[in-house]
Number of protein chains: 2
Amino acid sequence: MPKRSPYVQSLKKAGYRLTQARLTVLDVLEADHGHITSADVLAKVERINPAIGRASVFRTLELFTQLGFIRPTYIDTSHTPSYVMMRGGHHHHVICTDCKRFFEFENCGLEAMTRNLQRELDMQISGHLLEFYGVCADCRGEDRAEQPS
Amino acid sequence: MPKRSPYVQSLKKAGYRLTQARLTVLDVLEADHGHITSADVLAKVERINPAIGRASVFRTLELFTQLGFIRPTYIDTSHTPSYVMMRGGHHHHVICTDCKRFFEFENCGLEAMTRNLQRELDMQISGHLLEFYGVCADCRGEDRAEQPS
DNA sequence: ATTTATGCAAAACTTTTGCATGGGA
DNA sequence: TCCCATGCAAAAGTTTTGCATAAAT
């Protein structure tokens, strides 16, 4: 069963070796749809293959970030990053600032803006991250209940 | 000379005391247009008023994040966050993934999308962060020069 | 065979906590 | 005066580094 993840192909094409550490981290990221903290990546990789060292996981996360596979961001204010997968170079989600749940969505309509910025700033734009912040219906309900008068 | 920063007003209205630590961190953030790492905030606050402790700076950054004044993000891959100011609840920039320079821009045209998401997800949306990634003209030039064949 | 990438373990940082005390309102 | 917020300093995490070795190609 050959690996057919587009990321594996990219890694290979860029001249990087397909090592256990890299393939395992990739599996973990893809299994979680890419919303995962560094601590969780560390823990899951360790569970899958305890022979893989922490340092390699961090080195891999950095490499994947450089290659644009993932992007670190802060889902909650805890100071450990969450990594999101940049499928097709972009990622969009809405985060509830109260319960920290998030909802991904696909169509962002930013193609025109990308072209504009590319032209105006003379930059080769490869992707983007769009995060909305708000309060979900559940949390608004809870809030109301918590405020008696 | 009274403080007239809208953030100071918000702090007061929310019932928080206007302490030296909070006012100083606010000054530092505003002086840098809000693109500044935690380490830099720490250093600048210490330079302005050495009596302010690290812990208070971190507590203040967390408070400001909760209040929506700022938002932590990763400008470079170094694992210390950069804080951006969420003026009017939103922030938009383009980052050069090579030299890490960034360019802020104002009009994002996301008002309609905000309304749509609000309706579709039943969320009270308060703001957003939009980051584009790319390579600036300077870095593309350098790259070309570095590739002889 | 050649290197690149790794694992290890320690070092280097960054951030958080607990608690007595000071400074805003 | 009251009590929220602070400073301190230690603890708790997280990430990075250096180097001999393993493992991809």
Side-chain angles (χ1 to χ4, degrees), chain A residues 2-3 7-28 36-67 69-70 72-83, chain B residues 2-3 7-28 36-67 69-70 72-83:
Chain A
K3 280 274 176 189
Y7 296 115
V8 174
Q9 304 306 309
S10 301
L11 261 184
K12 204 168 198 170
K13 256 174 209 155
Y16 292 100
R17 293 183 179 177
L18 303 184
T19 66
Q20 282 309 303
R22 288 169 182 164
L23 294 174
T24 305
V25 170
L26 208 40
D27 279 351
V28 167
I36 186 171
T37 63
S38 52
D40 277 345
V41 174
L42 236 24
K44 295 198 177 181
V45 166
E46 159 131 66
R47 205 179 314 147
I48 295 173
N49 184 349
I52 295 172
R54 296 186 210 309
S56 295
V57 173
F58 281 109
R59 284 186 280 234
T60 298
L61 287 172
E62 166 126 38
L63 173 64
F64 287 0
T65 301
Q66 281 173 0
L67 292 173
F69 295 2
I70 57 179
T73 184
Y74 288 106
I75 294 296
D76 51 37
T77 37
S78 100
H79 284 278
T80 153
S82 288
Y83 290 90
Chain B
K3 279 274 176 188
Y7 295 114
V8 174
Q9 303 307 308
S10 301
L11 260 184
K12 205 168 198 169
K13 256 174 212 155
Y16 292 100
R17 295 183 178 175
L18 304 184
T19 65
Q20 284 308 303
R22 288 170 181 163
L23 294 174
T24 305
V25 170
L26 208 40
D27 279 352
V28 167
I36 185 171
T37 63
S38 52
D40 277 345
V41 174
L42 237 22
K44 295 197 177 180
V45 166
E46 159 130 66
R47 207 179 312 148
I48 294 173
N49 183 349
I52 296 172
R54 296 188 212 308
S56 295
V57 173
F58 281 109
R59 282 185 281 234
T60 298
L61 288 172
E62 166 125 41
L63 174 64
F64 288 0
T65 301
Q66 280 173 1
L67 292 173
F69 294 3
I70 56 178
T73 183
Y74 288 104
I75 294 297
D76 49 37
T77 36
S78 101
H79 283 278
T80 153
S82 288
Y83 290 91

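Since the model is a prediction, treat every value here as computed from it, not as a measurement. By convention in this document, chain letters (A, B, ...) are assigned in the order of the sequence lines, proteins followed by strands, and residues within each chain are numbered from 1.
Taking CG of A:L67 as the start and OH of A:Y16 as the end, the distance is 5.5 Å to the nearest 0.5 Å. Atom-to-atom distance recorded for A:I52:CD1 and A:T60:OG1 is 8.0 Å, nearest 0.5 angstrom. A distance of 5.0 Å separates CZ of A:F58 from CG of A:L42, quoted to the nearest 0.5 Å. We find the CG-CZ distance between A:L11 and A:F64 to be 5.0 Å, quoted to the nearest 0.5 Å.
When heavy atoms are screened at a 4.0 angstrom cut-off, B:I52 is found touching the sugar-phosphate backbone but no base atom. At the heavy-atom level, A:A55 lies under 4.0 Å from base atoms of the strands shown. Within 4.0 Å of B:R22, counting heavy atoms only, lie sugar-phosphate atoms of the nucleic acid but no base atom. The residue A:P50 sits apart from the nucleic acid: no heavy atom pair falls under 4.0 Å.
Considering only side-chain N and O atoms, A:S38 lies nowhere under 4.0 angstrom from the phosphate OP1 or OP2 of D:dT14. Phosphate proximity of C:dT6 to A:T19: present, with a side-chain N or O under 4.0 Å from OP1 or OP2. Contact between the side-chain N/O atoms of B:S56 and the OP1/OP2 oxygens of D:dG7 is found at a separation under 4.0 Å. Between B:R54 and C:dT14, a side-chain N or O to OP1/OP2 separation shorter than 4.0 Å is absent.
Between the CZ atom of A:F58 and the C1' atom of C:dA11 there is a distance of 15 Å, rounded to whole Å. Summarising the geometry, the separation between CG on B:L61 and P on D:dT6 is reported as 12 Å, rounded to the nearest angstrom. Across the protein-nucleic acid pair, A:L23 atom CG and C:dT4 atom P stand 19 Å apart, rounded to whole Å. Atom CG of B:D40 is separated from atom C1' of C:dC13 by 15 Å (rounded to the nearest Å). Atom CG of B:L11 is separated from atom P of C:dG24 by 14 Å (rounded to the nearest Å). In this entry the distance linking CG of B:L42 with P of D:dT6 reads 14 Å, nearest Å. Per the geometry, CZ belonging to B:R59 stands 14 Å off P belonging to C:dT15, to the nearest Å. The interatomic distance linking A:I36 (CD1) with D:dT14 (P) rounds to 14 Å, in whole Å.
Summary of the strand contacts: B:E62 and B:Y16 both lie near DNA chain C, and taking for each the nucleotide with the nearest heavy atom, the more 5' one is attributed to B:E62. Summary of the strand contacts: B:G53 and A:T80 both lie near DNA chain D, and taking for each the nucleotide with the nearest heavy atom, the more 5' one is attributed to B:G53.
Residue A:R17 places a side-chain atom within donor-acceptor reach of the base of C:dT4, judged by atom type and a 3.5 Å distance cut-off alone.
For the side-chain contact (heavy atoms from CB on, under 4.5 Å) with B:R22, the qualifying choice from B:L26, B:T24, B:T19, B:V25 is B:T19, the only one to do so.
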